[in-house]
Amino acid sequence: MPHDSAPAPEPVILQLSVPGKPAVQGITDGLIRPISANPAPAEVLDLSVDDVAVAEFLVRIAHGDTGFVARTDSGERALAIIAAAVAALMGEDIPTALAAPDLPFLSGLKQPAVEALRTVLLAIETSDPDAVAAGLRALQP
């Protein structure tokens, strides 16, 4: 029997899916990292700037496509940027969130809100991870 007279093989149906991104468990999980010499394509915000500059930056970037990386060696400033980023996403008062983070509110954020935050605030880079971690302990369960 010649090859060209063979019946065509039956098609095989495959279902392909993209593996899901691992969910962020907590608001601070994997957030702190060393300062990178090769920054990600995201913008970097040095938290040593004044609150007005931080607020202006957050208004611009909160609903963008890239997110940002914050840089600080201060645990207090790290906590403030988390609060301010949440406020920016919600359309709330960013300067108030920077000055006085609402810890019970932030600690009570549900998973979808945490994931939304982490698509905007990609990381906090620091040369003093212990100080930053100490400042963020207030948000850990």
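Here, residue 1 is the first one in the sequence, and each next residue gets the next number. The basis for the numbers below is simple: all heavy atoms, side chains too, and nothing from hydrogens, waters or symmetry mates. Bear in mind that the values here come from a model prediction, so they are computed numbers and not experimental data.
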- Task: Taking all heavy atoms of Thr66 and all of Leu122, pick out the closest pair and write down the distance.
- Result: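 Here Thr66 and Leu122 meet closest at O-CD1, 3.4 Å.
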- Query: Which pair of heavy atoms, one from Ile27 and one from Leu109, lies closest together, and at what distance?
  - Reply: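 Distance-wise, the nearest heavy atoms are CD1-CD1, 3.8 Å.
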- For Pro129, side-chain contact (heavy atoms from CB on, under 4.5 Å) partners two or more places apart: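 Pro129: side-chain contact (heavy atoms from CB on, under 4.5 Å) contacts with Ile32, Thr126.
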- Message: Using modelled atom types and a 3.5 Å cut-off, is there a donor and acceptor pairing between side-chain atoms of Ser107 and backbone atoms of Pro104?
- Response: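 Absent.
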- Message: Could you tell me if the side chain of Leu121 sits less than 4.5 Å from the side chain of Phe68, heavy atoms only?
- Response: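 SC-SC contact between Phe68 and Leu121 confirmed.
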Identify every side-chain donor-acceptor pair in residues 75-91 under 3.5 Å, counting partners at least two apart or on other chains, and give the distances.
residue: Arg77; atom: NE; partner: Leu47; partner atom: O; Å: 2.8
residue: Arg77; atom: NH1; partner: Asp51; partner atom: OD1; Å: 2.6
residue: Arg77; atom: NH2; partner: Leu47; partner atom: O; Å: 3.4
residue: Arg77; atom: NH2; partner: Val49; partner atom: O; Å: 2.9
residue: Arg77; atom: NH2; partner: Asp51; partner atom: OD1; Å: 3.0

For residues 56-65, tabulate all N or O donor-acceptor pairs below 3.5 Å that involve a side-chain atom, not counting sequence neighbours.
residue: Arg60; atom: NH1; partner: Glu43; partner atom: OE2; Å: 2.9
residue: Arg60; atom: NH2; partner: Glu43; partner atom: OE1; Å: 2.8

- Message: To the closest 0.5 Å, what do you measure between CZ (Arg71) and CD1 (Ile124)?
- Response: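 Arg71 atom CZ to Ile124 atom CD1 measures 12.5 Å (nearest 0.5 Å).
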- Item | side-chain contact (heavy atoms from CB on, under 4.5 Å) between Leu31 and Arg118, worked out | CA-CA 8 Å; Leu31 187 61; Arg118 296 298 294 277; 3.4 Å; yes
- Do Val52 and Leu98 belong together in a cluster built from hydrophobic side chains that touch within less than 4.5 Å?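 The answer is no; the residues belong to distinct hydrophobic clusters.
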